Every structure is written in C-alpha cells, then in structure tokens.
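First up is the structure itself, then whatever we jot down about it.
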Amino acid sequence: MMADAVTSTRRFTFASLIALLLSLVVWIGTFGRVSDAGLRFDKDILYVYLCGVEYGGQASHDPQDKLVDYLVAASAHEHYVYRAKMRAAYCNNYLLSSLSMYVAGKVQSALGLTDPARDFPEFLFHAMRWGVMLSGALVAALCFAIVFWTARASMVLPLFGAIALAALFYWVVPTPMISWSLYQMTPAPPAPIVSLHRTFALGLHTWINPTGAFSPFSIFPRCLCAMITFAAFALRWSGRGGLAYWAPIAVSFVHQSEAPILLGIMVACDLVRQPKALLRPGCFIPILATVVLTALRERMFSIMGYSWVTVAIIVAALIVVAVLAIAIPRIRQAVASVWSMVERLRVRWFERLSLPVSDTVVILFGWVAVVILCYVLSRHDQVYRVGYLWSELYPRYIGLFQLPVFTGLIYAAWPWVLRRRATATREAMVGVSCLMLVLAGFLWLRPWIPEAALVAESRAYDQQVRQQHYVPSEASFSITETPWYYLMLRDAYLGGKGFDAYFSKN
C-alpha cells in the first residue's frame, strides 16, 4: 500500500487523544498494582539497585565477586554459585532501572525526605518504589505519546484495541507456568512431559498473558522494553521506519539483551517487505550503531558459556562462503537463480500486504522459529542454559512483541468487519473506551496497601536479616538470595561489614 510508505502528517485527534489518556490511566494503574503487590525487598530488584549504586561510585563490585567465594567456601549448591556468577557478570544490563533507583535515593536524601543513616529500610523502600515507578511511568508516557501522535487514522483503533485486550487478558486470563518450561522435571509424570506441541501450546497461552515477568504492564526492565518496541512499530507503520531503527539503541540501555532481538525482527520485517530500505542511511546507520553497541555491552554469550571467538569464527566462515559464492561463476549463477525465486515469492506473499500485517506475519513466523530452535537446542544442552536461556527466550520474545502482534491482527481483520458494518470503527472506539474505563475503575478504586504497612514490613525484614547468618539450604531463591543483596546495599550506604559477617558466622 502507498499509504504505508507515506509519513503521517496527523497530530492528535479527539479519538487518538482519548486513546492516549485512557491507555495511560490503565497502564499506570496496572503498573501501580503490580508494584503494590510485588515491589518488596527481593533479590532481583535489590540486585538491580545495587548495580545502580556501583554505577554511581558509591560501592565497588568487590562484594559481588566475594559472594561467589563465600558460597564456594560454604559448600553451597552449584546452582547458587552459578546464579551469583551470572549476576556479577551482568551488572551493566539494566542501566535505566539501576540508575533511576539510585538517583531517587539521592534526591530523597537531598530533600530531607528520607535518611539512610536514620532509617535505612524506609530509605531503601522509597528509593526502590519511586525509582521504579517514576522511570516506568516516564517511559510509558513517552511511548504512548509517540504511538498516538504518529498514528494514521486507520491505526488508532488497532493500537488502542491492542492495549485494551492486553490489559484485559493480564487480569482475567490465568497465568501460564513458563519458568524452566523446557527443562524436564523428574519424575514425569506428575511433572508435565516437555514436548514440542506442549511448548507451542504454552507459547499460545503466553501470547494471551505473558505473566508479570514479561508483560508490557509489569515493573521489570524487559517489560519497559516491550513499550519501546510498541512505539517503534507505531513509528514504522506511520512511515517513519528510519526513526524506528533508533529504538533498539534505547532498548539497550533499559535491558541490553532485548536490543538484538528487536533489531533482528525489524531487519527481518524489512527484508521481506522493503529490502531496499535497509540500504538507506537513515536505516543503515542506526542498525550499525546498535550492532556495535551490542558487541561492546552484551555479556550473555560469555555468561552462558559461549565464546565470542566461536561467534567470530562462524561470522568469518559465512563471509568466506559469501566471497566464494561471488567469485565462482557457477555458484554465483546458482545463488542468483535461487535469489530470483525467493524474490518472486517475497513479492507474491508480502508486497501485497499492508505493512502492519506483513510485520505481524514475520513476527509470528519468527516466534515459530524461536520455539523450534529453543526446543531442539534445549534437548542436549547443559541444565542452566536450558533454564536461563532457552526456557526464557521464547516467552521474552512474546512479551516484547505482544502489543504489535495484537495491533497487526486487529488491523488485518478490520476491513472484513467494515464491509459488513460501515459504522464499526466508531462503535468499536466507544466499546474499547468503555472497557478501558471499567478497567480503570477496577484498578484505581480498590484500596491500596498502606505505605506505612509496607515500610513496617521493610523494617521488620531489616531486623530479621541482621540476626541471621548463611546456612546452605534448599529454600527458594528469594528467601536465600535476598539477604545477600540487601546487606551489600546496607554496607554501601552505612559502611560496616554486615555482608561479610553474614557469611563469617557460618
């Protein structure tokens, strides 16, 4: 369609403004509810905060390195040692969330609102809470403004409907059990038998509700990346494809590991729909910048035991094959013949589709490929890579692209609806707005957990953990690991050797 290649000149209309405001109200309400229930002293949030303190120069990285030594000396299970090493090597991954909590603490102290020396649990709780909530709300507001400011008239309803459906499903559809989903628990039964068809079924369930770990409405850094991805595809669909390619760079400073996933899918979408666009400087420069930034910052390969040398050898081999294909006439002719056939298929299948529909098809095919890849590689890989890489890759992919896929599916179905009811768009906008108002009432009118109760809970935890010492056990990761990062933070702000004493009493 020509409309897909023309940059929208529209600004906010009444419909898009209503969609923006209601989307913000529902998103912030959901984000607040998730924070209210889950933003406590927990290993993951405390670890991200600790990385911010290290960025700020208030603490060194030594305690995280010493943690591994302490666990080995205490004969802790190798799983805890692996997790401690993985976190220690990955502290640069969550720059925005880490610094937002650290800066929130600094601001509160400067304004005299809290004082770590006077009441450290209260200070830490408020720094975590306001750092996470304000940075999340800022990202969401910016992304929604981009989405509805750039949207063509025909895209407002699909974009708005996607947000409404995702929010509704988050609250009414039971969450799938996706943790370590590709690891075969024993015995099986009663544990589910891991199979390809079960993994696809679990993936379909996850598309409907990606759970609090991956949903665009949740508090974790990868969830904010889903909002940036939504804005990136809205830019693509408004004709601003070059600007959209800067989104993976923004993502890399929120959650580094999400950036190459987003970039790879965006490039794939253009390869099948408009491959020549990739050669334009407006697209090529941000693509190259993202690749360079990822090579400099990404640590997942080394953490998971893969060597960059191996990756370099594979890339070099591909380059050699490409050079040989160009240099040898018979191979060049064969490649040209195959490419010609692929090009005809691409034109026949994708160029007739609108850009939102084409992108949605590519994302869904990508999901199928990712599921098959994860399933096959997880069958013969070491246990920790199965749990932390292959079992997480496909739900992470789904959470990242849930909103663009919902938008594309609605956009694809809407011409069929309009042929049967000419006033369907107006009626649907009213219906979706009413649904969002109901969701907003459900989220905002119920009582919130009193702040005083949350602070009291934080103080009680502080008293409890300072009386404990490390004892190797098979307790949950949250119970076992949270004291480590809490005491590291306490020592960073108050001095002392609480973290060392926690292990030296063993």
Side-chain angles (χ1 to χ4, degrees), residues 48 51-52 54-55 85-99 139 143 214 220-233 235-236 241-271 275 277-319 322 359 362-363 366-367 369-370 373-374 377 385 388-390 392-401 404:
V48 174
C51 293
E54 292 182 11
Y55 292 143
K85 288 181 178 179
M86 180 170 62
R87 283 204 175 101
Y90 215 34
C91 219
N92 71 331
N93 200 44
Y94 316 101
L95 192 63
L96 175 68
S97 296
S98 295
L99 287 178
V139 170
C143 290
F214 302 100
F220 299 105
R222 56 179 166 257
C223 304
L224 297 182
C225 294
M227 294 302 301
I228 299 174
T229 298
F230 189 40
F233 276 90
L235 287 170
R236 282 178 57 81
L243 187 58
Y245 270 111
W246 292 98
I249 295 179
V251 165
S252 70
F253 291 104
V254 179
H255 192 308
Q256 173 59 52
S257 298
E258 302 285 284
I261 301 174
L262 174 57
L263 179 65
I265 289 300
M266 290 177 68
V267 170
C269 288
D270 276 335
L271 280 174
L278 295 172
L279 300 177
R280 296 200 300 259
C283 295
F284 181 77
I285 291 174
I287 291 172
L288 181 61
T290 305
V291 171
V292 172
L293 188 63
T294 299
L296 293 174
R297 299 188 70 241
E298 183 58 67
R299 298 291 181 270
M300 181 58 73
F301 277 118
S302 58
I303 290 171
M304 290 296 165
Y306 296 113
S307 170
W308 277 107
V309 174
T310 304
V311 176
I313 292 173
I314 294 173
V315 172
L318 292 175
I319 293 174
D359 286 356
V362 172
I363 293 171
W367 166 65
V370 166
L373 176 71
C374 291
L377 294 179
R385 283 207 290 258
Y388 294 112
L389 181 58
W390 307 125
E392 282 208 0
L393 182 56
Y394 76 89
R396 180 173 294 187
Y397 181 99
I398 291 170
L400 196 62
F401 296 108

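From a predicted model like this one, the values you see are computed outputs, not experimental measurements.
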In Å, rounded to the nearest 0.5 Å, how long is the span from [atom1] of [X] to [atom2] of [Y]?
| X | Y | atom1 | atom2 | result |
| --- | --- | --- | --- | --- |
| Leu373 | Leu393 | CG | CG | 7.5 Å |
| Glu258 | Ile228 | CD | CD1 | 10.0 Å |
| Ile285 | Thr290 | CD1 | OG1 | 11.5 Å |
| His255 | Arg396 | NE2 | CZ | 4.0 Å |

Criterion side chain to side chain contact (heavy atoms under 4.5 Å, CB included) on Phe253 and Leu99, from CA distance to verdict:
CA-CA 11 Å; Phe253 291 104; Leu99 287 178; over 6 Å; no
Please list, one pair per line, the donor and acceptor atoms closer than 3.5 Å that link side chains of residues 244-251 to other protein atoms, with sequence neighbours excluded.
from, atom 1, to, atom 2, distance (Å)
Tyr245, OH, Met266, O, 3.1
Tyr245, OH, Asp270, OD2, 2.6

Within a strict 4.5 Å, meaning less than it, do heavy atoms of the [X] and [Y] side chains meet?
| X | Y | result |
| --- | --- | --- |
| Phe401 | Asp359 | no |
| Cys225 | Leu400 | yes |
| Leu96 | Val139 | yes |
| Arg236 | Pro404 | no |

Can you list the residues that meet the side-chain contact (heavy atoms from CB on, under 4.5 Å) rule with Pro395, with sequence neighbours excluded?
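Scan of Pro395 (side-chain contact (heavy atoms from CB on, under 4.5 Å), adjacent residues dropped) gives Ile178, Thr206, Phe214.
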What are the two closest heavy atoms between [X] and [Y], and how far apart are they?
| X | Y | result |
| --- | --- | --- |
| Tyr397 | Val362 | OH-O, 4.4 Å |
| Gly242 | Pro286 | O-CG, 4.2 Å |
| Gly399 | Ala226 | O-CB, 3.3 Å |
| Asn93 | Tyr55 | N-OH, 3.9 Å |

Of all residues at least two apart in sequence or in a different chain, which pass the ring-ring contact (aromatic ring centres under 6.0 Å, His included) check with Tyr394?
none
State which residues pass ring-ring contact (aromatic ring centres under 6.0 Å, His included) with Phe230; sequence neighbours excluded, sorted by chain then number.
none
Partners meeting disulfide (SG to SG under 2.5 Å) with Cys91 (sequence neighbours left out):
Cys51
Only counting residues at least two apart or in another chain, list the ones meeting salt bridge (Lys or Arg N to Asp or Glu O under 4.0 Å) with Glu54.
none
